[in-house]
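Here is the structure we will look at.
Here is the naming used below: chain letters follow the sequence lines, and residue numbers restart at 1 for every chain. The basis for the numbers below is simple: all heavy atoms, side chains too, and nothing from hydrogens, waters or symmetry mates.
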Number of protein chains: 2
Amino acid sequence: MSDTNPVPIRERTRRLAQTELTAVAQDLFAAQGYDNTTVDQIAAAAGMSKRTFFRYFPSKDDLVIGKYDLFADRMAEALDARPKNEPVWESLRRMFDITLDYVQDEHQRARSEAMDAIVRSTPQLYARYLEKMQRVQELLIGRIAVRLNDDEHDPSDPRPAAIVGAAFACMQAARHAWFASDRSEAFGSYLDDAMATLKIDRASRMTAIAT
Amino acid sequence: MSDTNPVPIRERTRRLAQTELTAVAQDLFAAQGYDNTTVDQIAAAAGMSKRTFFRYFPSKDDLVIGKYDLFADRMAEALDARPKNEPVWESLRRMFDITLDYVQDEHQRARSEAMDAIVRSTPQLYARYLEKMQRVQELLIGRIAVRLNDDEHDPSDPRPAAIVGAAFACMQAARHAWFASDRSEAFGSYLDDAMATLKIDRASRMTAIAT
DNA sequence: CCCTTCCTGACACTTGGTGTCAATATCGCG
DNA sequence: CGCGATATTGACACCAAGTGTCAGGAAGGG
């Protein structure tokens, strides 16, 4: 059961090294802050040279925010799984359910939350985080555009981007609110609450933009 | 009329140098790209040393995106100028009117638009742009919270952040759509269109978050 | 004219990140 | 087991963005 593995050995050792690096780095960041920790220190603490570190991560930033790349595909997948005739706002809400699992898992959360604190308190990382989220949104905009009108995506129609952006704004708002709360309420209800304040007006686009 | 000036001489020469640097840098960026242009080159082209450049701008990035800092106060000001009983969505829409002036001004636009293209095509700058916009939003969230319920801002209420974030998402969407269009329609109508697709449900917050 | 103050350039240094290359470890195969 | 191909690694040199320091020079006020 160990041959013809879908994940070759090379790739597994690689991931192991990345996990190791991440764990070591997290300790250092917690102890002395992100900016005050050099790549040399991280590499040395993991028993390798700086050059080798950069073979596992394209940048110091990516060690922290690289994992967010996985979100993009998972979200697109989750959105595609929703019925085509479902209201888009509801589809987006259900799509966000996959982020709930992330937060709900008790022993994963501590690790993830510590990294989150680092991201939010380091402007440089927060900026890159926002950019990644923007890229995720771009993936989804095309899909939402198709649901709004069955023809192809008209790039001069601002509505799909507005809707997706608004949905993400709700998720961000819910995240912040939940972090600021005592966590007695489930994150999901914050998300419901945030998304309930905005309704999509399906009869819009009357302010003529004659294409 | 030149003494006891509200803007002292030192500050004026400083701004002049910044403008000069920006103009020179813009040419270089347009010619060879942002990443391929070093600070040394910009400084040399403006007749100064690298060290002096960093006395005028805290970083290479700030030369491009530094001007967005002005937006924060201008927007907060514009929002404060709206009547308190006006629906918040309308207030936010009117607040964005100040961005229209920026885009409308014919001879300012060419310069501003070139810089905008650089920002959007350089991930690093785009990330910092998004972060700045996020900071602007944080300024406004408190004000919107006060309008929603007259007591002080409850940080575990996601609605103000959701609304402000959604409004900015609409502006971003309108910007992108307008840039992708042939610009025959006014930018304002794109903004109207984007913001009209989302309506605020004032009777929300029924999904009890008992504070 | 001098004295103070600010501005500037030169220099050295740190850190993130990359190219190169030789040494070494690993893998597949006979 | 041994051998050649391939991948991984570390050492070194290098570049670019910033930052600290310091001495010299320009501007301004008396």
Review item, nucleotides 16-20 of chain C N/O atoms under 3.5 Å of protein N/O:
unit_1	atom_1	unit_2	atom_2	d
dG16(C)	OP1	K60(A)	NZ	3.0
dG16(C)	OP2	V39(A)	N	3.1
dG17(C)	OP2	K60(A)	N	2.7
dG17(C)	N7	K50(A)	NZ	3.1
dG17(C)	O6	K50(A)	NZ	2.9
dG19(C)	N7	R51(A)	NE	3.3
dG19(C)	N7	R51(A)	NH2	3.0
dG19(C)	O6	R51(A)	NE	2.7

Within this structure, what is the [atom1]-to-[atom2] distance between [X] and [N], rounded to whole angstrom?
| X | N | atom1 | atom2 | result |
| --- | --- | --- | --- | --- |
| D62(B) | dA17(D) | CG | C1' | 13 Å |
| R14(B) | dC7(C) | CZ | P | 8 Å |
| M48(A) | dG10(D) | CE | C1' | 12 Å |
| Q18(B) | dC7(C) | CD | C1' | 15 Å |

Would you confirm whether the ring centroid of F96(B) sits within less than 6.0 angstrom of the ring centroid of F168(B)?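 Yes, close enough.
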
How far apart are the closest heavy atoms of [X] and [Y], and which atoms are they?
| X | Y | value |
| --- | --- | --- |
| F54(B) | S59(B) | CE2-CA, 4.0 Å |
| A162(B) | L198(A) | O-CD1, 4.0 Å |
| V24(A) | A45(A) | CG1-CB, 3.3 Å |

K60(B) charged N/C atom sitting above Y34(B) aromatic ring, 6.0 Å / 45°: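 Yes, K60(B) lies over the aromatic ring of Y34(B).
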
Should M115(A) and T22(A) be marked as a side-chain contact (heavy atoms from CB on, under 4.5 Å) after you check the CA-CA gap, both sets of side-chain angles, and the distance that decides it? CA-CA 10 Å; M115(A) 277 302 199; T22(A) 305; 3.7 Å; yes

Donor-acceptor list for residues 124-131 of chain B side chains, cut-off 3.5 Å, not counting sequence neighbours:
unit_1	atom_1	unit_2	atom_2	d
R128(B)	NH1	D62(B)	OD1	3.3
Y129(B)	OH	Q172(B)	OE1	2.8
E131(B)	OE2	R135(B)	NE	2.9
E131(B)	OE2	R135(B)	NH2	2.7

Counting only side-chain nitrogens and oxygens, does Y56(A) get under 4.0 Å of the OP1 or OP2 atom of dT9(D)?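 For Y56(A), the contact criterion (side-chain N or O under 4.0 Å from OP1 or OP2 of dT9(D)) is met.
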
Check: protein-nucleotides 25-29 of chain D nitrogen or oxygen pairs below 3.5 Å:
none

Quick check: do F179(A) and Y190(A) have side-chain heavy atoms less than 4.5 Å from each other?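 Sidechains of Y190(A) and F179(A): no contact.
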
